[in-house]
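Computation of the quantities below employed the complete heavy-atom set of this structure, encompassing side-chain atoms and omitting hydrogens, waters and symmetry-equivalent molecules.
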Amino acid sequence: MGFWGLLSVILLVQDAAESFVPQARSSIVGGKDAQKGRWPWIVYLLITDDTGFFSCGGSLLTEEWVLTAAHCVDPHPQYQRLAQLHNIALVKMSEKVSFSSLVKPMPLPKPSDAFRPRLKCFVAGWGEVGNNVELSGNRTLQELELSIVKKSTCKKDFPGLTDNMLCAGSMKEGKYSCQGDSGGPLICRSSGVLVQVGIVSFGHINGCALKDFPVVYTRVIPYMDFIRETITSD
């Protein structure tokens with residue numbers, strides 16, 4: 001089962017988050033300002049624990065469920081932190097949100113969908129825009145177009161890559177989600193519809209914006225049963 005007890009989590013959709021200025025970990029390197037309402041399922045998670053607070057990204061699946069990374073909250077039952085295996089989690093909000101033109105659920109892929117190397121996809125998030133460089137000004141949501149990276153190429157950088165992971169990045173330009181942009185969605189197009197293909201998991205140990213190093217994402221399709229069962233069993 002997933003995680004559905006709240007850890008003092010504050011969830012903010014795009015419009016509200018841009019006026020909120022906490023200390024952030026999630027970030028996009030090399031991105032640009034997103035137009036208001038372009039990513040109506042992107043959420044900002046501010047999580048507090050006994051050591052302080054930190055932030056992660058996430059995606060709104062229903063009026064009360066958010067999909068994010070296990071290293072942001074209590075883990076998937078098989079999550080392994082060192083190897084980042086099964087890095088996926090579900091958070092249930094204490095109150096339901098109301099859908100509108102600016103707040104919508106994130107569509108998920110079909111099990112038969114295939115997302116091949118060089119496919120153009122997107123990530124979005126708030127926070128640092130480089131190593132130890134915070135997003136400043138109005139803190140407008142940042143978006144970035146990037147491509148799926150061939151598994152054999154990614155495995156050279158991350159030998160522990162499994163079939164439940166995929167890689168993406170604009171490798172020659174040093175444009176990536178940063179610090180994993182933890183928990184945020186990797187969004188690709190399938191049959192003309194934008195769907196969530198991955199969850200930002202981890203990157204290079206030496207930091208962000210390193211050319212020729214992709215970012216690793218948890219693949220969503222292998223966990224469709226986990227998502228459905230967790231949401232419907234509550």
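- Across every non-hydrogen atom of T68 and S182, the tightest pair is OG1-O, 4.4 Å.
- Across C167 and V216, no two heavy atoms sit closer than the pair SG-CG2, 3.9 Å.
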Run the side chain to side chain contact (heavy atoms under 4.5 Å, CB included) test on V195 and I187 for me, step by step, so that the C-alpha distance in whole Å, both residues' side-chain angles and the decisive distance to 0.1 Å come before the verdict. CA-CA 6 Å; V195 297; I187 303 165; over 6 Å; no
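- In this structure, L67 CG and L61 CG are separated by 5.0 Å, a value rounded to the nearest 0.5 Å.
- The side chain to side chain donor-acceptor pair (under 3.5 Å) check on K120 picks up S147, with sequence neighbours excluded.
- Side-chain contact check for D113 and S190: at least one donor-acceptor pair (N or O, by modelled atom type) lies under 3.5 Å.
- Side-chain atoms of P40 and M106, non-hydrogen and from C-beta on, never get closer than 4.5 Å to each other.
- Judged by distance alone, with hydrogens and angles left aside, the side-chain atoms of T218 form a donor-acceptor pair with the main-chain N or O of N87 at under 3.5 Å.
- Within a 6.0 Å sphere centred on NZ of K150, other residues, nucleotides and ligands contribute 12 heavy atoms or fewer.
- Here the CD atom belonging to Q78 is positioned 4.5 Å from the NE2 atom belonging to H86, to the nearest 0.5 angstrom.
- When side chains are defined from C-beta on, I88 counts as touching F226, because their heavy atoms get closer than 4.5 Å.
- Distance NZ/K155 to CE/M165: 9.0 Å, rounded to 0.5 Å.
- Closest approach of S59 to Q196, counting heavy atoms only: OG-OE1, 2.6 Å.
- Contact record, I199 with A69: CG2-N, 4.0 Å, taken as the closest heavy-atom pair.
- Side-chain contact between L60 and W65 is absent, with no heavy-atom pair separated by less than 4.5 Å.
- For the atom pair CD1 of I221 and CD1 of I227, the computed distance is 10.5 Å after rounding to the nearest 0.5 Å.
- For the pair W41/P105, no side-chain contact is recorded, criterion being any heavy-atom separation below 4.5 Å from C-beta on.
- When every heavy atom of Y217 is checked against every heavy atom of G198, the shortest pair comes out as CB-CA, 4.3 Å.
- Side-chain contact between L146 and L186 is present, with heavy atoms from C-beta onward closer than 4.5 Å.
- Atom CD1 of I148 sits about 8.0 Å away from atom CZ of F115, to the nearest 0.5 Å.
- P117 and V149 get closest at one heavy-atom pair: CB-C, 4.5 Å.
- The existence of a salt bridge linking D163 and R219 is excluded, since no basic side-chain nitrogen approaches an acidic carboxylate oxygen closer than 4.0 Å.
- You'll find the side chain of M224 reaches within 4.5 Å of the side chain of V220, heavy atoms only.
- Atom SG in C56 sits 6.5 Å away from atom CG in L45 (nearest 0.5 Å).
- Two residues are said to be in side-chain contact when any heavy atoms from C-beta on lie closer than 4.5 Å; Y44 and L46 meet this criterion.
- Shown here is K151, whose NZ atom has more than 12 heavy atoms of other residues, nucleotides or ligands within 6.0 Å.
- Between W39 and F122, the angle of the ring planes lies from 30° to 60°, which puts this pair in the tilted group.
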With side chain to side chain contact (heavy atoms under 4.5 Å, CB included) as the criterion, how do M93 and V66 come out once you've worked through the C-alpha distance, each side chain's angles and the decisive distance to 0.1 Å? CA-CA 8 Å; M93 294 177 287; V66 172; 4.3 Å; yes
